[in-house]
Amino acid sequence: MIPRSSVRTATGSWVESPNDLTAARTHRIIRLCERQGVPILADRAYIGAGPWVTTPVRRPPGRDLSPTQRTVNRALSAVRAPVERGVARLKSWRIFHHARCSPNRMSSIAAAVLTLERQR
């Protein structure tokens, strides 16, 4: 299990920005999480990523979701919301826009920023 205080990074350079699933597969993030027993809760972009990735249920064409499926989707969204807010907060810090230091150092900076955000 990954401790709450640790910040994991995946590094690499891209000519073009790939979608999230391509980047996760390229950096073997899904496989690493599976080996370490860390569950992945993802959005619809990760549908088809594998059995270890939990994604919302897609609405069938021309039909509605059942009440159970809607409840599952809401629960997944509720669990993911704090993470999404945290990522949005990190993106608002200017230090991350034009950083020219090692990705390992950026992990320490991100941990410090998250600590400052909790103190607010």
Side-chain angles (χ1 to χ4, degrees):
M1 185 162 167
I2 299 172
R4 283 184 138 197
S5 61
S6 71
V7 177
R8 302 276 172 151
T9 62
T11 61
S13 60
W14 299 92
V15 175
E16 296 177 11
S17 295
N19 67 29
D20 293 346
L21 182 55
T22 301
R25 283 182 174 150
T26 301
H27 293 289
R28 297 182 179 91
I29 293 170
I30 296 170
R31 188 175 304 155
L32 289 171
C33 288
E34 186 174 358
R35 282 187 193 151
Q36 294 181 2
V38 177
I40 300 172
L41 303 177
D43 59 15
R44 284 190 177 98
Y46 286 82
I47 289 177
W52 197 254
V53 180
T54 303
T55 58
V57 179
R58 198 181 256 169
R59 183 180 59 80
R63 295 183 13 217
D64 289 333
L65 293 175
S66 71
T68 303
Q69 291 171 324
R70 279 196 302 262
T71 302
V72 168
N73 283 355
R74 279 193 204 111
L76 182 59
S77 295
V79 171
R80 290 185 61 249
V83 175
E84 294 291 340
R85 280 194 299 275
V87 170
R89 295 293 289 176
L90 283 174
K91 286 181 177 181
S92 72
W93 282 68
R94 297 183 123 224
I95 193 168
F96 297 112
H97 288 259
H98 300 289
R100 294 181 181 209
C101 62
S102 147
N104 293 332
R105 180 106 170 99
M106 289 306 293
S107 296
S108 300
I109 293 170
V113 167
L114 288 172
T115 301
L116 291 172
E117 283 292 330
R118 277 190 231 130
Q119 299 301 320
R120 256 187 194 195

Under 3.5 Å, which donor-acceptor pairs link side chains of residues 78-87 to any protein atom two or more places apart or in another chain?
from, atom 1, to, atom 2, distance (Å)
R80, NH2, E84, OE2, 2.5

| For E34, what residues pass the side chain to side chain donor-acceptor pair (under 3.5 Å) criterion, not counting sequence neighbours? | none
| said: According to salt bridge (Lys or Arg N to Asp or Glu O under 4.0 Å), does anything in residues 54-78 pair up with another residue at least two apart or in another chain? List the pairs. | reply: none
| task | Determine, step by step, whether L32 and V38 satisfy the side chain to side chain contact (heavy atoms under 4.5 Å, CB included) criterion, reporting the C-alpha distance in whole Å, the side-chain angles of both residues, the deciding distance to 0.1 Å, and the verdict. | result | CA-CA 8 Å; L32 289 171; V38 177; over 6 Å; no
| said: On a heavy-atom basis, which atom in A49 and which in L21 lie closest, and how many Å separate them? | reply: CB-CD1, 3.5 Å
| said: For the OG1 atom of T22 and the NE2 atom of H27, what is their distance to the nearest 0.5 Å? | reply: 10.5 Å
| field | Minimal non-hydrogen separation, C33 against I40, with atom names | value | CB-CD1, 3.7 Å
| Which pairs, with at least one residue in residues 39-51 and sequence neighbours excluded, count as a side chain to side chain donor-acceptor pair (under 3.5 Å)? | none
| query | Closest approach of N73 and P56, non-hydrogen atoms and distance? | reply | OD1-CA, 3.2 Å
| task | Could you identify which residues cluster with V57, counting Ile, Leu, Val, Met, Phe, Trp and Tyr as linked when any side-chain heavy atoms lie under 4.5 Å apart, either directly or through a chain of such contacts? | result | L65
| request: Return the set of residues passing side-chain contact (heavy atoms from CB on, under 4.5 Å) with T54 (not counting sequence neighbours), or none when no residue passes. | output: L41, L76
